[in-house]
S.K.: 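One structure is given below, represented as structure tokens, and several questions about it will come after.
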Amino acid sequence: MESYDFSNDVLLEIFSRADLKTMKKCRVLSKECKDLTYESTFMGLHSQRTSTMVGYLLQCMKIFVYDWRDRFTSNFVSIANSGIEPKLTRNVLNFLPEQAQIVAAVNEGLVLCSPRIYGENWFYICKPSTQKWEFIPAPNPRFCRSKISMLMLRSNPLRFKIVGLSDTDCSDDTHSVSVSESDSESDLDSEYSDEEVNDRVIFDSKSWEWKQSDDLKLTYDDFFKNEQGVSACGGIHWLISNREQDKDIVLSFDGNKEEWTMASLPNSLRRKEYCEQIALVSCEGNLGLVKVSFKTRAQMVDVWVLNYEHIWIRKHAMNLNKECYLTRFHSFYSADTLLMKDIWSVYFYNFKTQKFNRVTADNQDTDAAYFIQTDFESVQLKPE
């Protein structure tokens, strides 16, 4: 079979006209194809040519609103989409039966919401671009929502999983559980306390049921450094710190095997100073780690990526310009653009061109931001 060596310009023309699912499949063809589809210029062109949404859902909190049920609004912001209907940019969850707050989302555009009703633990799963939703029952009567994350396993037929970890002070169960056998390969062989402090529940859209996960053990010395888990490489990942052992640990959940693993970060990647920011991120589909240090009115950002041999490789080292000084790093929008945020606004910062785009939140506190890249195709959220 004759092979062809296409230039990036030719690939750009082909891929930017492919539907979203086909475009994502093209990423496995080669490293060059993958890199191209994560560039911000490509993402903007693809969005315009295929009428897809790419950007962030902002969870905003209204100031001076005394009814707590009406405090949260959800708006969509983008540097690629300019002609989207207003109903898809402002108060994008208004189609739900009642006021709801975003608790998790996946890149493919599925959003998990909780009602603003005191004491209720049930959820809505929805696709805002189509305004379709389904009801998800509460996990169990004593589960306290704390850290909820979601993972897409496949799009056709749709299958996703939701993982919930309860607050440590919500658990009244003190029986001990064993750590997964896969943890034995990590360097966390020292003994933990026998006191279990977390409930762990998993929702599978295939069965449309919650179940308890009993192969993970955390203690009061373990605390989470990020509220939201990071979805990458078929799993969900959290950064936790163990105060007793003085270790930073990546806790991972494998979506297919439903197994938990824990691995310590190398000391060179740990936070060394109080002023530093450290967080897990999704970086071009891989699990990444970002360290941000603040010195002399500038931010220095180091980006590391976990390769297929489970070795952390340094990918970027950048100095952000002075406009970024009062903002905080949030996530990667694309291969060359970061999302930064402060209280009132979010910023798209291209660190190659040093172009800085500010998006205001209408004098509302930007509580959280969720990246989505989605189409307008209707999906069957709940199996028949």
Side-chain angles (χ1 to χ4, degrees), residues 19-21 51-62 67-78 81 84-140 143 145-164 201-211 228-229 231 236 255 367-384:
D19 62 73
L20 191 58
K21 294 183 180 68
S51 298
T52 55
M53 293 176 64
V54 56
Y56 285 85
L57 284 174
L58 299 186
Q59 179 80 59
C60 301
M61 187 169 62
K62 298 178 184 178
D67 188 346
W68 62 272
R69 292 173 297 180
D70 296 328
R71 294 194 69 183
F72 289 96
T73 61
S74 302
N75 303 324
F76 176 75
V77 297
S78 174
N81 301 104
I84 296 182
E85 297 179 54
K87 68 179 182 179
L88 296 176
T89 58
R90 297 294 179 185
N91 298 316
V92 297
L93 300 180
N94 275 0
F95 62 90
L96 294 175
E98 45 206 315
Q99 291 285 334
Q101 175 186 356
I102 298 176
V103 294
V106 292
N107 293 358
E108 293 80 2
L110 293 186
V111 179
L112 185 70
C113 310
S114 67
R116 303 302 300 161
I117 302 175
Y118 181 76
E120 296 292 343
N121 280 338
W122 44 270
F123 302 92
Y124 294 117
I125 183 71
C126 64
K127 186 176 181 180
S129 62
T130 63
Q131 299 195 343
K132 302 297 182 182
W133 61 271
E134 289 286 350
F135 171 82
I136 293 180
N140 60 59
F143 179 76
R145 288 194 301 251
S146 177
K147 293 164 184 65
I148 307 289
S149 297
M150 186 162 53
L151 175 68
M152 175 82 85
L153 295 180
R154 63 171 181 258
S155 58
N156 188 22
L158 177 66
R159 189 179 182 188
F160 61 89
K161 292 186 179 181
I162 303 167
V163 177
V201 291
I202 301 170
F203 178 85
D204 190 339
S205 65
K206 185 177 181 179
S207 62
W208 212 256
E209 293 179 345
W210 293 91
K211 64 180 178 181
Q228 272 294 316
S231 177
I236 307 175
D367 181 62
Y370 303 87
F371 176 81
I372 61 169
Q373 187 176 22
T374 186
D375 55 31
F376 293 87
E377 291 185 11
S378 180
V379 295
Q380 184 174 328
L381 297 171
K382 185 177 180 179
E384 294 179 347

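Keep in mind that this is a model prediction, so the values were computed, not measured. When a residue number appears, it is its place in the shown sequence, counting from 1.
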S.K.: Kindly compute the distance separating CG (Asp19) from OG (Ser51), expressed to the nearest 0.5 Å.
M.R.: 12.0 Å
S.K.: Take Leu57 and Ile372 through the side-chain contact (heavy atoms from CB on, under 4.5 Å) test and state the conclusion after the steps.
M.R.: CA-CA 7 Å; Leu57 284 174; Ile372 61 169; 4.1 Å; yes
S.K.: Out of curiosity, Ile136 CD1 to Cys113 SG, how far, rounded to the nearest 0.5 Å?
M.R.: 10.0 Å
S.K.: For residues 123-132, which residue pairs qualify under salt bridge (Lys or Arg N to Asp or Glu O under 4.0 Å), counting only residues two or more places apart or in two chains?
M.R.: Lys127-Asp375
S.K.: Measure the spacing between CG of Leu158 and CD1 of Ile125 and express it to the nearest 0.5 Å.
M.R.: 8.0 Å
S.K.: Could I get the full list of side-chain contact (heavy atoms from CB on, under 4.5 Å) partners for Pro97, not counting sequence neighbours?
M.R.: Tyr124, Trp133
S.K.: Look up atom CG in Leu58 and atom OG in Ser74, then write down how far apart they are to the nearest 0.5 Å.
M.R.: 8.5 Å
S.K.: With sequence neighbours left out, write down each residue that passes ring pair (Phe, Tyr, Trp, His ring centres under 6.0 Å) with Phe135, or none if nothing qualifies.
M.R.: Trp122
S.K.: If you define the side chain from C-beta out and look only at heavy atoms, does anything of Cys60 sit under 4.5 Å from Asn75?
M.R.: yes
S.K.: What distance separates Ser155 OG from Phe160 CZ, expressed to the nearest 0.5 Å?
M.R.: 13.0 Å
S.K.: Please list, chain by chain and in numerical order, all residues satisfying side chain to side chain donor-acceptor pair (under 3.5 Å) with Tyr370, sequence neighbours excluded.
M.R.: none
S.K.: Once side chain to side chain donor-acceptor pair (under 3.5 Å) is applied, do any residues pair with Gln101, and if so which ones, sequence neighbours excluded?
M.R.: Arg116
S.K.: Would you mind telling me which of Val103, Val111, Val106 makes a side chain to side chain contact (heavy atoms under 4.5 Å, CB included) with Met150?
M.R.: Val106
S.K.: Sequence neighbours left out, what passes side chain to side chain donor-acceptor pair (under 3.5 Å) with Asp204? Give chain and number order.
M.R.: Arg159
S.K.: With a 4.5 Å heavy-atom cut-off, do Pro137 and Trp208 have their side chains touching?
M.R.: yes
S.K.: With a cut-off of 3.5 Å and sequence neighbours excluded, list every side-chain donor-acceptor pair involving residues 377-384.
M.R.:
from: Glu377; atom 1: OE1; to: Lys21; atom 2: NZ; distance (Å): 3.3
from: Gln380; atom 1: NE2; to: Lys382; atom 2: O; distance (Å): 3.1

S.K.: I'd like to know if the side chain of Lys161 and the backbone of Gly255 have a donor-acceptor N/O pair within less than 3.5 Å.
M.R.: yes
S.K.: Kindly write out the residues that satisfy side chain to side chain donor-acceptor pair (under 3.5 Å) with Lys211, not counting sequence neighbours, or none if the list is empty.
M.R.: Glu258
S.K.: Distance from Leu112 atom CG to Ser114 atom OG, nearest 0.5 Å?
M.R.: 7.5 Å
S.K.: Is any side-chain heavy atom of Ile162 closer than 4.5 Å to one of Ile148?
M.R.: yes
S.K.: For the pair Thr130 (side chain) and Phe376 (backbone), establish whether a donor and an acceptor sit closer than 3.5 Å, ignoring hydrogens and angles.
M.R.: no
S.K.: Holding to side-chain contact (heavy atoms from CB on, under 4.5 Å), I want the full list of residues that pass it with Ser149, two or more places apart in sequence or in another chain.
M.R.: Gln228, Ile236, Trp238
S.K.: Aromatic rings Trp210 and Phe203: how do their planes relate, parallel, tilted or perpendicular, breaks at 30° and 60°?
M.R.: tilted
S.K.: side-chain contact (heavy atoms from CB on, under 4.5 Å), that's the test. Do Cys126 and Leu93 meet it? Break it down for me.
M.R.: CA-CA 9 Å; Cys126 64; Leu93 300 180; 4.1 Å; yes
